[in-house]
**Q** 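First the structure, which I've put down as structure tokens, then a few questions once you've had a look.
Note on naming: letters A, B, ... go to the chains in the order of the sequence lines (proteins, then strands), and numbering restarts at 1 for each one. Not measured: the values here are computed from a predicted model.
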Amino acid sequence: MLQARGLAKHFTLHLRGGVRLDVLRDVDLEVRAGECVALAGPSGAGKSTLLRALYGNYRVDGGEIRIRHEGAMVDIASAAPREVVAVRARTLGYVSQFLRVVPRVSALDIVAEAVREASPEEARARAAALLRRLNIPTRLHALPPATFSGGEQQRVNLARGFIGDHPVLLLDEPTASLDGANRDIVVEMIGAAKARGVAIVGIFHDTAVRDAVADRLLHVNPLQDAA
Amino acid sequence: MDETLLSARGLSLSFGPVTALADVDAELWPGEVLAIVGESGSGKTTLLNVLSGRVAADAGVVWYRDPAGRLQDVHAMPAPALRALHRSDWGFVHQNPRDNLRMNVSAGGNVGERLMAQGARHYGRIREEASAWLQQVEIDPSRMDDMPRTFSGGMLQRLQIARTLVTHPRLVFMDEPTGGLDVSVQARLLDLIRTLVARLGIAVVLVTHDLAVARLLAQRVMVMQRGRVVEQGLTDQVLDDPQHPYTQLLVSSVLQA
């Protein structure tokens, strides 16, 4: 489902006198349908950078990121912006660490917007069901999540990420601010997604979660500072 | 959807010694929202005016694909044809709604006028449609016969949006649509634009100096500096992983609230 080869990434900080930070070099990764690969390595090694590169959020300097999109392989690293938009809409999902709240938009609509191929009523019904499963009580659904707790925001974000039912899913610390009960629900959801054939790449600092969901680890090692 | 709706090549324009546009290319696909960002004086509004045929360039060409699939050279069109395009297929949302609205015509009249310009004649139906659009932009239809001068700035801007969208344009140009409004009013307007544009599948070229507005509304962004496009691409990629020194400066200059 996902095949990355020879990925390289550096940042040039023009406002800091052009300091160059090398983060990734020669990273290979392959994920099959129904498989979950966990990125492992110390903080600052480039795990989030790799995940963002796979999503097309960060530009890579070299290598290719091939994703199976509607029967064909699309290289995210070289695709035109609107191709990346299409791949994200139907194939590639991403759950970031933090929810980006939009003023005035309710928790329910944030999730319902991500439902594909459904009437607005059906999308809302499915969004409400998933929010309840993640223990977001109905009385909060109509509120914009700006005032929610960190854990509640993360669960809204997870609902938004999972409801699109993308065949490839990238998860950045999906359980970081969750309590035990909610963590178990997310582990269950990841398991169910794998059973449906979803290919997953994730960062899980919680080793219990990682052991429960990951089939393989990919070690991301910090590069020597070239600066 | 494999054909561009609007494409421009080699646009250049100088005002005396000042370069407003230097060899700018741009493309827009149906249903896509493209943001043009940069500081004051970077040439973004000039680019918007040239793309929409309101200002002539010194060099370059702008092609528009009309509903029949024919390519039209925007700057070679006869003036009446360009005006007709602006009245129906296109819309233009100005930063100052008073540049677009007729302040001595009622709110309903402002919305209905665009329909009449398209040939609608049935008074009852025009009124109905105007009322429906006022509701869409969250203006109480009971204000339909009130003059725009009795409206707040945020209401005027929403009225301008109703007037623009009533003809179901395929392409809307927006120049700082939320500029000069209070933040709470801005949030409401942004939410409205976001929802309507997505629901109606309208293509938008949006000029803004506000990177948060670009992130919220646009799939793609072009960064301009001194009349040149210095960086472009997916909005989140350009804002989260800016490559050009000027884009890095813009992104790092935004205050986190």
**Q** Excluding sequence neighbours, so at least two apart, what forms ring-ring contact (aromatic ring centres under 6.0 Å, His included) with A/F148?
**A** none
**Q** Which bit of B/S252 is near chain A, if near means a heavy-atom gap under 4.5 Å: side chain, backbone, both or neither?
**A**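 Only the side chain of B/S252 comes within 4.5 Å of chain A.
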**Q** Return a table of donor-acceptor pairs under 3.5 angstrom between the side chains of residues 214-227 of chain B and protein atoms on other chains or two or more places apart.
**A**
{"unit_1": "B/R215", "atom_1": "NH2", "unit_2": "B/D240", "atom_2": "OD1", "d": "2.7"}
{"unit_1": "B/Q219", "atom_1": "OE1", "unit_2": "B/V33", "atom_2": "N", "d": "3.0"}
{"unit_1": "B/R220", "atom_1": "NE", "unit_2": "B/E32", "atom_2": "OE2", "d": "2.8"}
{"unit_1": "B/R220", "atom_1": "NH2", "unit_2": "B/E27", "atom_2": "O", "d": "2.5"}
{"unit_1": "B/R220", "atom_1": "NH2", "unit_2": "B/E32", "atom_2": "OE1", "d": "3.1"}

**Q** Does the side chain of A/Y58 reach to within under 4.5 Å of the side chain of A/L51, using non-hydrogen atoms?
**A** no
**Q** Considering only heavy atoms, which portion of A/R16 lies under 4.5 Å from any heavy atom of chain B: side chain, backbone, both, or neither?
**A** neither
**Q** Heavy-atom distance under 4.5 Å to chain A: side chain of B/D191, backbone, both or neither?
**A** side chain
**Q** Give a yes or no on whether a salt bridge exists between A/R66 and A/D75, defined as a side-chain N under 4.0 angstrom from a carboxylate O.
**A**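 Answer for the salt bridge query: no.
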**Q** If you count heavy-atom pairs within less than 4.5 Å of chain A, which of B/H244, B/R194, B/Q186, B/Q232 leads?
**A**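 Ranked by contacts with chain A, first place is B/R194.
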